[in-house]
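What follows is one structure encoded as structure tokens, with my remarks underneath.
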Amino acid sequence: MRQPGTYSGILTANMAGRMGPHSLPLARIKKIMKKSGDDVKMISGEAPIVFSKACELFIEELTRRSWMMTMQGKRRTLHKDDVASAVVATDLFDFLVNLVDESTTTTTANETEIAET
């Protein structure tokens with residue numbers, strides 16, 4: 001079993017003591033990085049740690065915005081539709097629009113328009 005490590009000094013220098021275990025598998029991140037292109041041959045030990053933290057922050061932000069959609073629907077369980085709504089409603093996540101189901105996107109876009117008026 002993979003043992004959690006602590007973030008390197010690069011990450012913690014500007015994060016006011018946010019130390020903690022890596023919650024995403026670094027070996028998997030490194031494997032994805034290597035598959036990203038033929039030019040990527042060597043990856044430093046710190047690069048997957050930075051990517052791990054970036055992925056955590058991305059997941060946290062998407063979850064926060066999805067949870068806001070859940071609360072607008074007066075529910076307490078986050079659904080796939082809430083994630084789709086958050087993706088459609090946030091310019092930051094435009095690169096994910098193609099990943100959400102088209103029927104879900106149409107419904108959630110209409111709900112977003114109604115909520116904004």
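Because only heavy atoms are used, hydrogens play no part in the values below, and waters and symmetry mates are left out as well, while side chains stay in.
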Out of K53, R28, K30, which residue meets the side chain to side chain contact (heavy atoms under 4.5 Å, CB included) rule with P48?
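Of the listed options, the one satisfying the test is K30.
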State which residue, out of T63, L78, V100, fulfils the side chain to side chain contact (heavy atoms under 4.5 Å, CB included) condition with V83.
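The side chain to side chain contact (heavy atoms under 4.5 Å, CB included) with V83 is passed solely by L78 among T63, L78, V100.
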Which residues satisfy the ring-ring contact (aromatic ring centres under 6.0 Å, His included) test with F93, sequence neighbours excluded?
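Checked F93 against ring-ring contact (aromatic ring centres under 6.0 Å, His included); matches are F58.
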Nearest non-hydrogen partners of A47 and I43, listed with the distance
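In terms of heavy atoms, the two residues are closest at CB-CG2, 3.8 Å.
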Over all heavy atoms of both residues, which pair between K41 and K34 is shortest? Give the atoms and the distance, please.
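Looking at all heavy atoms of both residues, the shortest contact is O-CE, 4.0 Å.
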Check for me, please, whether [X] and [Y] land in the same ILVMFWY cluster - side-chain distances under 4.5 Å, paths through other members count.
{"X": "M68", "Y": "L92", "value": "no"}
{"X": "I32", "Y": "V50", "value": "no"}
{"X": "V87", "Y": "W67", "value": "yes"}
{"X": "L99", "Y": "L62", "value": "yes"}

Between [atom1] of [X] and [atom2] of [Y], what distance do you get to the nearest 0.5 Å?
{"X": "D81", "Y": "S66", "atom1": "CG", "atom2": "OG", "answer": "10.5 Å"}
{"X": "S52", "Y": "L57", "atom1": "OG", "atom2": "CG", "answer": "9.5 Å"}
{"X": "R65", "Y": "S85", "atom1": "CZ", "atom2": "OG", "answer": "13.5 Å"}

Please tell me if the side chains of T70 and T77 come closer than 4.5 Å, counting only heavy atoms from C-beta onward.
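Not touching, per the 4.5 Å side-chain cut-off.
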Side chain proximity check, I29 to L24, heavy atoms < 4.5 angstrom
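I29 reaches L24 side chain to side chain.
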Are more than 12 heavy atoms from other residues, nucleotides or ligands located less than 6.0 Å from atom CG of D94?
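Check passes, neighbour count above 12.
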Donor-acceptor check, side chain of T90 to backbone of A86, threshold 3.5 angstrom: yes or no?
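Here the side-chain-to-backbone pair exists.
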Can you list the residues that meet the salt bridge (charged side-chain N to carboxylate O under 4.0 Å, His left out) rule with R75, with sequence neighbours excluded?
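Residues passing salt bridge (charged side-chain N to carboxylate O under 4.0 Å, His left out) with R75: D82.
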